[in-house]
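Below you'll find the structure, written out as structure tokens, and then a few comments.
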Amino acid sequence: MISLVLPDGSVVEARSGITVDELAEKILPRQKKKIIGALVDDEIKDLRDILTAGGSLSFLMTGDQTSLDILRHSTSHLMAEAVLQVFPDAVLGIGPSIADGFYYDFKLPRPLEPEDVTRIEKIMEKLASKNVTFERSEMPIDEAIKYFDSKGEVFKVELIRDLAEKGERVISIYRSGGFEDLCRGPHLRHTGQIKVFKLLSTAAAYWRGDEKNPVLQRLYGTAFWSTEELQAYLDNLEKIKERDHRRLAKELDLYSIHEDVGAGLIFWHPRLAMVRHLVEEFWRSEHLKRGYGFVYTPHIAQEVIYQKSGHLENYAENMYSPLLIDEKPYYLKPMNCPGHIKIFQTRRRSYRDLPIRYCELGTVYRYERSGTLHGMLRVRGFTQDDAHVFCTPDQIADEVYGIIDLVDTLMTAFGYSYTIFLATRPEKSLGSDEEWEVATGALRQALERWGKPYELDEGGGVFYAPKIDIKLQDALGREWQGPTIQVDLNLPKRFDVTYIGPDNTEHEVIMIHRAVLGSMERFIGGLVEHVGGAFPMWLAPTQTMILPITDGQNEYARELSNRLVAEGFRVEVDARNEKIGYKIREAQEMKIPYMIILGAREQESGMIAVRHRKQGDLGAMRLDDFMERCKDEVIRKVLN
RNA sequence: GCUGGCGUAGCUCAGCUGGUAGAGCAAGUGAUUUGUAAUCACUAGGUCGGGGGUUCGAAUCCCUUCGCCAGCUCCA
């Protein structure tokens, strides 16, 4: 007998060897139809699984968020069955559930076209309505290889062979209607439980993600328990599309890319350049407060530098081919580190000088494969907010703490929440155990002192450094790779970067490498999406648009504008010969925070009529009060 | 880089199986002087991404090249 503890604390005894389905019948007979699996000691179990050990037990029901994976996985099987009806020769790849849905890869005689997708979707609907039960069977590995081989399922055979190598003896097969697949499960009770699904897109993908392998056709889809959830998901996709920085760039005149100049090279238009300027201004002032020195370093450097740094050895495929200057090869810089080291090394440094903190908004150029370029988020030339702290080993923790504090200040101002990860030594790495221990220990110490929760990313460090990675969450709940702090165990050695210690001998310096915003291009591209193009007051390129109702107020509008500009506000006047509704509409579409509407009434009374882009008409107020309000929003960096 | 799709006026897009381009918005001009998300009329604007080919004839078919999009891959 085994004993199972239910969520309410009660204990149920059952015979060893009972299936989850039988258990459902025994415990919750009335809800049996809704039960599609179970969690036993937090492990997902299929209905058909046999239990031989007890533990905590809770059932997975249709409608649960936790059981969406099962639904989606089963839906991918249903899709594969439909695809086989359309393409009887299709060879199956894999069909897992993923974060927001599922996919299935197939080798097909021709690529999928949009019509195929609708056709497949229709067939799926028909198949689902047949309420076909998912059945599981098992097969010894040898037999399975022969079986799938006879069906021409070469990829499945490969998978089974790998399973055999891992020591598996038996594999499981799920069958639903005319379809069967090598599969670990779990699956739904029957296909009738698949009601709400949608095929989303097609793409090509390599078998096992390796470009040496054959290309398969991938079909993406998603499934939910209710149409409301599906609709909410689709609405969110639409919202993300509307906020796409490439789309907003056109609507708001933010940046451009020019084919005849080059892919992945960004032209910042005045409005976005203003945002960048304001971000940089903030960035600089926060660095000054924290004792950083600003530096500038050249954009090209001779070969020897990158030989010494190891970039030509390890990073060459991301570097552009050299320019010849006086017959000597010069490279465009892919990173700023060597430059900062050169400055550090211009004199002997005493331990009394440390820490030394250099920061630079340094523009670097890196080769990115053409297929990876993506608006401002993935480019070939970008400006990093790069900094290097040179310090002694016992200063690491303090310095890292200071950097985390800087990160928190900046990210909070932009309205990002974040998660901190500590990434430790990977398998392939440089340096001694002791060095890694000191560096990682200091990072951990800083995090402990910071006091907020962090996660451990075991082995997730880079080969030359343990690091703290910070993942940002934006307004749409999406994750972005954010700030990174690395204790570099490589470059100080390569460049022989030292300081004189209290013992009057040379010591290798500790070099902390960090970026907070990452690259200006990516950060601001992401920011555009985060705020949906509606920059908060402190960042808005135009903060206030003055809208005269007739050209009788144009002169007055300019006067007011001058007064506001004199107070440091960014103001424009829309003096075009248009109706007020039209001007408001355009200012609204440009997502300008405030509009001042000026008609004869205002001119007489000396008041202004203020409209906010979100709150609408705010009524009449005094210009001074309006300026107070705006100043307050700017100083407090109010997010809206 | 790979696979697939796409590339027509500044923008969004139409243009059936080849017969040499069209709308809305934007722009310019004029009228209108307007009160909280689109006033009206007229005008101008394109070697249909570039190059090559097939054809009497190509935006439409083929090849090639560049770029964009979705994935894959990569991400020191």
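In what follows, every heavy atom counts, from backbone to side chain, and hydrogens, waters and symmetry copies are set aside. Keep in mind it's a predicted model, so treat the numbers as computed, not measured. All chains are named by letter (A, B, ...) in the order of the sequence lines, taking the proteins before the strands, and each is independently numbered beginning at 1.
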Sugar-phosphate, base or nothing in reach of A/Ala465, heavy atoms under 4.0 Å: nothing
Atom-pair distance (CG on A/Leu373; P on B/C75), nearest Å: 16 Å
Nearest to side-chain heavy atoms of A/Ala263, which nucleotide of B/C68, B/C72, B/U3: B/C68
Note, A/Leu272 side chain near A/Phe535 side chain (heavy atom, < 4.5 Å): yes
Nearest-Å distance once atom C1' is located in both B/G67 and B/G24: 26 Å
B/C75 base / A/Arg369 side chain donor-acceptor hit below 3.5 Å: no
Touch class at under 4.0 angstrom, heavy-atom based, for A/Ile580 against every strand present: sugar-phosphate
Between B/C69 (P) and A/Met376 (CE): distance, integer Å: 13 Å
Phosphate OP1/OP2 of B/A38: any A/Lys583 side-chain N/O under 4.0 Å: no
Salt-bridge contact A/Arg247-A/Glu242 (side-chain N to carboxylate O under 4.0 Å): no
Which residue lies more 5' along RNA chain B, comparing A/Arg208 with A/Val610 via nearest heavy atoms: A/Val610
Over-ring placement of A/Arg218 relative to A/Tyr103, 6.0 Å and 45° cut-offs: yes
d(CZ, A/Arg601; P, B/U33) in whole Å: 19 Å
Distance, rounded to the nearest Å, where A/Asp551 contributes CG and B/G35 contributes P: 14 Å
Rounded interatomic separation in angstrom, taking OH from A/Tyr594 and P from B/A37: 18 Å
Distance in Å, A/Ile512 CD1 paired with A/Arg357 CZ, rounded so as to fall on 0.5 Å steps: 9.0 Å
Sugar-phosphate, base or nothing in reach of A/Lys579, heavy atoms under 4.0 Å: base
N or O in side chain of A/Ser370 less than 4.0 angstrom from B/G1 OP1/OP2: yes
Separation of the P atoms in B/G4 and B/G10, to the nearest angstrom: 31 Å
Sugar-phosphate only, base, or nothing, as touched by A/Arg218 at under 4.0 Å among non-hydrogen atoms: sugar-phosphate
A/Tyr233/A/Phe224 aromatic ring centres below 6.0 Å: yes
Complement of B/C11, any strand, by Watson-Crick or G-U distances under 3.5 angstrom: B/G24
Touch class at under 4.0 angstrom, heavy-atom based, for A/Gly581 against every strand present: sugar-phosphate
Geometric class of the A/Phe155/A/Trp207 ring pair [parallel <30°, tilted 30-60°, perpendicular >60°]: tilted
Per A/Ile597 side chain, nearest of listed nucleotides B/G35, B/A37, B/C11: B/G35
Which residue lies more 5' along RNA chain B, comparing A/Tyr464 with A/Gln217 via nearest heavy atoms: A/Gln217
Polar side-chain contact A/Glu368-B/G1 base: donor and acceptor under 3.5 Å: no
Integer angstrom distance from the C1' of B/G19 to that of B/A58: 10 Å
Side chain A/Tyr206 and base B/C72 donor-acceptor under 3.5 Å: no
C1'-based separation of B/U64 from B/C25 [nearest Å]: 36 Å
Pairwise P distance, B/A41 and B/G5 [rounded to whole Å]: 43 Å
A/Glu399 with A/Arg514: basic N within carboxylate O range, under 4.0 Å: no
Pairwise C1' distance, B/U8 and B/U20 [rounded to whole Å]: 14 Å
Closest nucleotide among B/U36, B/A37, B/C75 to the A/Asp617 side chain: B/U36
Sugar-phosphate, base or nothing in reach of A/Glu313, heavy atoms under 4.0 Å: nothing
Residue matched to B/U73 through Watson-Crick or wobble contacts both under 3.5 angstrom: none
Assigned partner base of B/C40, Watson-Crick or wobble definition, under 3.5 Å: B/G30
Under-4.0 Å side-chain N/O to phosphate OP1/OP2 contact, A/His374 with B/A70: yes
Ion pair check, A/Lys333 and A/Glu360, cut-off under 4.0 Å: yes
Distance, rounded to the nearest Å, where A/Tyr556 contributes OH and B/U33 contributes C1': 19 Å
Whole-Å distance separating the CD1 atom of A/Ile240 from the P atom of B/A70: 12 Å
Sugar-phosphate only, base, or nothing, as touched by A/Ala587 at under 4.0 Å among non-hydrogen atoms: nothing
Nearest listed nucleotide, side chain of A/Tyr367, among B/G1, B/U12, B/A27: B/G1
Closest listed nucleotide, where the reference is the side chain of A/Thr372 and the choices are B/G35, B/C72, B/C11: B/C72
Options B/A26, B/G71, B/G67, nucleotide nearest the side-chain atoms of A/Tyr582: B/A26
A/Phe495 and its side-chain contact (heavy atoms from CB on, under 4.5 Å) partner, picked from A/Asn490, A/Val509, A/Ile341: A/Ile341
Proximal nucleotide (of B/A70, B/A27, B/U36) relative to the A/Arg246 side chain: B/A70
Sugar-phosphate only, base, or nothing, as touched by A/Gln486 at under 4.0 Å among non-hydrogen atoms: nothing
For atom CZ of A/Arg366 and atom P of B/G1, their distance in whole Å: 19 Å
Inter-nucleotide C1' distance (B/U36, B/G46), Å rounded: 39 Å
Strand partner of B/G19, provided both Watson-Crick or wobble distances fall under 3.5 Å: B/C56
Nearest-angstrom distance, C1' atom, B/C6 to B/U43: 33 Å
